[in-house]
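Step one of this worksheet: look at the structure below.
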2 protein chains.
Amino acid sequence: MKAYKIPEATVMRLSIYSRYLHQLMEEEIDTIASGDIARGVGVSSAQVRKDLAYFGEFGTRGVGYKVEELYSHLMKILGLDKRWSVILVGAGKLGSALALYHGFLDRGFHICTVLDIDEKLIGTKLNGVIIENVDVMNARIIENNIEIGLVTVPALSAQNVTDRLVESGVSGILNFTPRVLKVPNHIILRNVDLSVNLELLSFNLGYHYKR
Amino acid sequence: MKAYKIPEATVMRLSIYSRYLHQLMEEEIDTIASGDIARGVGVSSAQVRKDLAYFGEFGTRGVGYKVEELYSHLMKILGLDKRWSVILVGAGKLGSALALYHGFLDRGFHICTVLDIDEKLIGTKLNGVIIENVDVMNARIIENNIEIGLVTVPALSAQNVTDRLVESGVSGILNFTPRVLKVPNHIILRNVDLSVNLELLSFNLGYHYKR
DNA sequence: TAGATTGTTAATCGATTAACAATC
DNA sequence: TAGATTGTTAATCGATTAACAATC
């Protein structure tokens with residue numbers, strides 16, 4: 001408890017634990033030991049206990065953890081006990097793919113505004129949301145209380161769009177472009193590279209030849 | 001050189017460096033120092049040199065690196081100097097999104113087979129590829145020399161599809177479902193969770209309140 | 001009480017950073 | 001030669017693992 005710096009890997013695992021606990025809830029299992037969680041998600045039991053220890057004591061010695069209780073603690077820790085309003089800028093291939101994908105909404109991320117500059121797209125609907133011109137960015141962010149922006153524009157426009165999102169008051173940005181973006185210190189920026197996972201796979205498939 | 005165990009973080013950064021070098025090539029810059037790469041992608045210059053040192057000596061002391069040369073070394077290291085044939089299983093929201101997304105093909109990953117079990121989808125085209133019944137999996141993997149499988153089916157079918165991919169002879173699997181999959185040791189498995197990045201963002205946006 | 005499992009500490013392991021000799 | 005920058009070593013930092021006392 002009171003840990004100031006939580007490893008990113010820990011947070012990622014908490015997210016994985018939470019999904020596994022959800023699965024256990026569906027199977028109506030109500031108590032579980034760290035070793036079982038560990039086996040279920042492929043880490044060590046010490047890892048599970050250590051990760052949880054950053055945030056408090058959630059188990060009972062000799063018994064384990066109550067599944068539902070631990071689940072809701074994790075959801076709260078991850079900030080998933082609320083609904084997040086999200087703006088998507090760039091309704092091209094990747095952008096529309098993300099808008100159609102259900103996985104975000106399932107975890108509480110609601111894409112309530114979609115913007116583009118392409119006149120052919122503006123006015124059409126994407127998953128029930130009308131695509132609007134980027135000019136309305138500032139207005140929509142304020143009226144919808146949007147805190148998170150997804151950047152799925154072409155690489156060349158990425159920094160520009162990012163600057164506008166920051167000016168308009170979002171607190172977090174998820175960058176799907178391959179560009180390195182500059183943001184002020186108070187803005188949380190994360191970069192998502194869909195190809196990078198395939199590239200890690202390709203590296204692992206190929207590199208053992210050369211050692 | 002001759003390093004047996006390369007940190008995953010290093011491989012991810014090589015991928016980022018390669019993209020940055022590509023950008024430099026477009027700007028017709030032909031020589032660059034580790035410090036410049038570092039500034040460009042947001043790491044330390046020692047990090048850049050260390051990462052490269054796992055694979056050889058690519059620079060000239062006092063001068064730096066030749067951009068094109070380093071780029072092609074990196075592409076080779078990452079296994080991106082060839083075209084990979086990829087099978088996509090599950091042509092739902094996420095699957096079709098990935099099939100439409102250009103970023104994979106840009107890095108050499110060609111989705112040449114798309115399978116589903118939904119009769120309504122089978123026979124329709126996705127980015128020029130006809131969606132077929134999962135029954136043809138084995139045949140297509142062999143005839144197209146497919147080495148990589150993308151799993152984008154509902155969570156409940158994920159393990160089953162994975163087993164069939166393994167039996168059919170793929171070497172690498174990219175799992176987009178939230179399930180933990182079991183595969184034999186010789187199969188390279190990577191899990192991609194699109195929501196996890198949003199959740200890291202949400203954690204970082206929320207957690208500072210509580211410390 | 002006996003058995004089980006947590007929470008936590010200390011030991012280990014691995015990755016990043018700083019520093020600098022080598023050298024263009 | 002003087003200045004710059006690499007490749008590499010050693011020091012630091014951080015994360016994982018093993019072990020076990022606490023305790024249900």
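Order of the sequence lines sets the chain letters (A, B, ...), proteins ahead of strands, with each chain counted from 1.
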### Query
Between D:dG14 and A:Tyr54, is there an OP1 or OP2 to side-chain N/O distance shorter than 4.0 Å?
no
## Note on the structure
Here the distance between atom P of C:dT9 and atom NZ of A:Lys50, to the nearest Å, is 9 Å
### Whole angstrom value for the distance that separates P of D:dA18 from CD of A:Gln47
11 Å
### Task
Anything under 30° is parallel, anything over 60° is perpendicular, the rest tilted; go ahead and classify B:Phe203 against A:Phe55.
perpendicular
### Query
Considering Watson-Crick and G-U wobble pairs with both distances under 3.5 Å, what does C:dT12 pair with?
D:dA15
### Query
Taking OP1 and OP2 of C:dT16, is either one under 4.0 Å from a side-chain nitrogen or oxygen of B:Arg13?
yes
### Task
May I ask you to decide whether A:Glu199 forms a salt bridge with B:Arg190, counting only side-chain N to carboxylate O separations under 4.0 Å?
no
### Step-by-step side-chain contact (heavy atoms from CB on, under 4.5 Å) determination, B:Leu115 to B:Ile131
CA-CA 5 Å; B:Leu115 308 182; B:Ile131 300 173; over 6 Å; no
### Query
Is A:Arg13 salt-bridged to A:Glu8, cutoff N-O under 4.0 Å?
no
### Query
Using a cut-off of less than 4.0 Å, is there contact between a side-chain N or O of B:Ser34 and OP1 or OP2 of D:dT6?
yes
### Query
On DNA chain D, nearest-nucleotide positions of A:Ala9 versus A:Val63: which is more 5'?
A:Ala9
#### Entry: Between P of C:dT6 and CZ of A:Phe58, the distance in whole Å
14 Å
### N or O in side chain of A:Tyr65 less than 4.0 angstrom from C:dA4 OP1/OP2
no
### Task
Please state how far atom CD in B:Glu8 lies from atom C1' in C:dT16, giving the value in whole angstrom units.
17 Å
### Query
So does B:Arg61 reach the base of D:dG7 with its side chain, donor to acceptor, closer than 3.5 Å?
no
## Note on the structure
Rounded to whole Å, CG of A:Asp51 lies from P of D:dA15 at a distance of 11 Å
### Query
What integer distance in Å separates B:His73:NE2 from D:dT6:P?
15 Å
### Message
If the threshold is 4.0 Å, N to carboxylate O, is there a salt bridge linking B:Asp163 and B:Lys182?
### Response
no
### Query
With respect to the phosphate group of C:dT6, does any side-chain polar atom (N or O) of A:Thr60 fall under 4.0 Å of OP1 or OP2?
no
### Task
Could you check how far CZ of A:Arg49 sits from P of D:dT16, rounded to whole Å?
15 Å
#### Entry: Any-strand Watson-Crick or G-U partner of D:dG7, both distances under 3.5 Å
C:dC20
### Query
What is the distance from CD of B:Glu69 to P of D:dT6, rounded to the nearest Å?
14 Å
### Message
Classify B:Ala33 by what it touches in the nucleic acid, base, sugar-phosphate, or nothing, heavy-atom distance under 4.0 Å.
### Response
sugar-phosphate
